[in-house]
Amino acid sequence: MEKGWFVGVDLGQAQDFTAVAAVERVAEQFGYHQYWTLRLRHLERMALGTPYPAMVRRVCEIVRSGELAGRCHLVVDATGVGRPVVDLLREARTGCRILPVTITGGDAESVEGGYYRTPKRDLVTGVQVLL
């Protein structure tokens, strides 16, 4: 695997903030061992009440900038209102692979119709391990 970029978008609007994070994955070499390091390179919180089309424009600015242009994966919270925002992002032709994720209360990950379904418990566990 090569160096790569992942941009995550957690959607909010009226009550919750929309957050955008860009993470760089870099190979590190120690002796004979290689492992991946994740480096947070950008973190942004959009103002409450930001319209969804404005959110899409801002995300496009981010994924089309500098090293990210054409080299990132865009992971979008597709839960609830996220599906129409995913449609807007696809229409905007971001130049990166879009990975919509629906967060569920279930117990197994799955993929259906191009949407990834992930249990909230798995997301929380992943963050706990990284911390």
Side-chain angles (χ1 to χ4, degrees):
M1 243 183 224
E2 63 189 49
K3 172 177 161 177
W5 288 89
F6 296 88
V7 177
V9 180
D10 181 25
L11 295 167
Q13 190 182 45
Q15 302 278 331
D16 297 321
F17 294 94
T18 292
V20 181
V23 176
E24 179 185 24
R25 180 185 63 195
V26 180
E28 299 280 345
Q29 188 78 34
F30 281 99
Y32 297 107
H33 302 284
Q34 181 179 359
Y35 68 95
W36 295 102
T37 300
L38 299 176
R39 298 176 180 165
L40 180 65
R41 296 297 193 182
H42 179 82
L43 185 61
E44 181 174 329
R45 180 173 74 178
M46 295 185 196
L48 289 177
T50 301
Y52 293 118
M55 291 178 195
V56 168
R57 284 192 298 277
R58 180 62 186 134
V59 169
C60 286
E61 287 174 3
I62 293 167
V63 299
R64 292 176 181 153
S65 66
E67 285 190 61
L68 279 78
R71 300 176 54 211
C72 66
H73 298 279
L74 179 58
V75 182
V76 183
D77 174 11
T79 308
V81 75
R83 279 186 175 259
V85 175
V86 168
D87 291 342
L88 290 172
L89 285 163
R90 285 184 173 144
E91 189 175 273
R93 303 198 187 281
T94 61
C96 56
R97 182 172 178 209
I98 298 175
L99 305 167
V101 177
T102 302
I103 301 168
T104 70
D107 61 357
E109 296 178 5
S110 64
V111 180
E112 185 178 315
Y115 284 76
Y116 294 82
R117 298 174 53 82
T118 303
K120 185 179 234 177
R121 138 196 109 194
D122 291 358
L123 296 174
V124 171
T125 301
V127 170
Q128 287 176 327
V129 167
L130 289 171
L131 291 176

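Residues Leu74 and Leu88 share a hydrophobic cluster, clusters being chains of Ile/Leu/Val/Met/Phe/Trp/Tyr side chains in contact below 4.5 Å. Ile98 and Val81 fall within a single hydrophobic cluster, where Ile, Leu, Val, Met, Phe, Trp and Tyr are joined by side-chain heavy atoms under 4.5 Å apart, directly or via other members. There is a path of hydrophobic side-chain contacts, each under 4.5 Å, that joins Val20 to Val63. Under the 4.5 Å side-chain heavy-atom criterion for ILVMFWY residues, a single connected hydrophobic cluster contains both Met55 and Val86.
Other residues, nucleotides and ligands place more than 12 heavy atoms under 6.0 Å from the CZ atom of Arg41. Residue Arg117 places its CZ atom among 12 or fewer non-hydrogen atoms of other residues, nucleotides or ligands, all under 6.0 Å distant. Counting non-hydrogen atoms of other residues, nucleotides and ligands closer than 6.0 Å to CD of Glu61 gives a total above 12. Counting non-hydrogen atoms of neighbouring residues, nucleotides and ligands closer than 6.0 angstrom, the CD atom of Gln29 exceeds 12 such neighbours.
Looking only at side-chain heavy atoms (C-beta outward), Val9 and Arg58 stay at 4.5 Å or farther from each other. The closest side-chain heavy-atom distance from Thr18 to Thr50 is not below 4.5 Å. Side chains of Val59 and Thr94 form no contact here, defined as non-hydrogen atoms less than 4.5 Å apart. Side-chain contact check for Phe17 versus Leu48: some heavy-atom pair is nearer than 4.5 Å.
What you find for Pro84 and Gly80 is that their closest heavy atoms are CD-O, 4.3 Å. Annotation for Ala108 and Pro119: closest pair N-CG, 3.6 Å, computed over non-hydrogen atoms.
To the nearest 0.5 Å, the span separating CZ on Arg71 from SG on Cys96 amounts to 12.5 Å. Rounding to the nearest 0.5 angstrom, the gap separating the CD atom in Glu24 from the CG atom in Leu40 is 10.5 Å. Here the straight-line distance linking atom OG1 of Thr104 with atom NZ of Lys120 works out to 10.5 Å at 0.5 Å rounding. To the nearest 0.5 Å, the span separating CD on Gln128 from CZ on Arg121 amounts to 12.0 Å. Between the CZ atom in Phe6 and the CZ atom in Arg25 there is a gap of 4.5 Å [rounded to 0.5 Å]. Expressed to the nearest 0.5 Å, how far CG of Leu68 lies from CD1 of Ile62 amounts to 8.5 Å.
Legend: ring-ring contact (aromatic ring centres under 6.0 Å, His included) pairs involving residues 104-131, not counting sequence neighbours: none detected.
Distance alone, capped at 3.5 Å, places no donor-acceptor pair between the Gln34 side chain and the Trp36 backbone.
The residue from Leu11, Val101, Val7, Leu99 that alone fulfils the side-chain contact (heavy atoms from CB on, under 4.5 Å) condition with Val76 is Leu11.
With sequence neighbours excluded, the residues forming a side chain to side chain donor-acceptor pair (under 3.5 Å) with Glu28 are Arg39, listed by chain and number.
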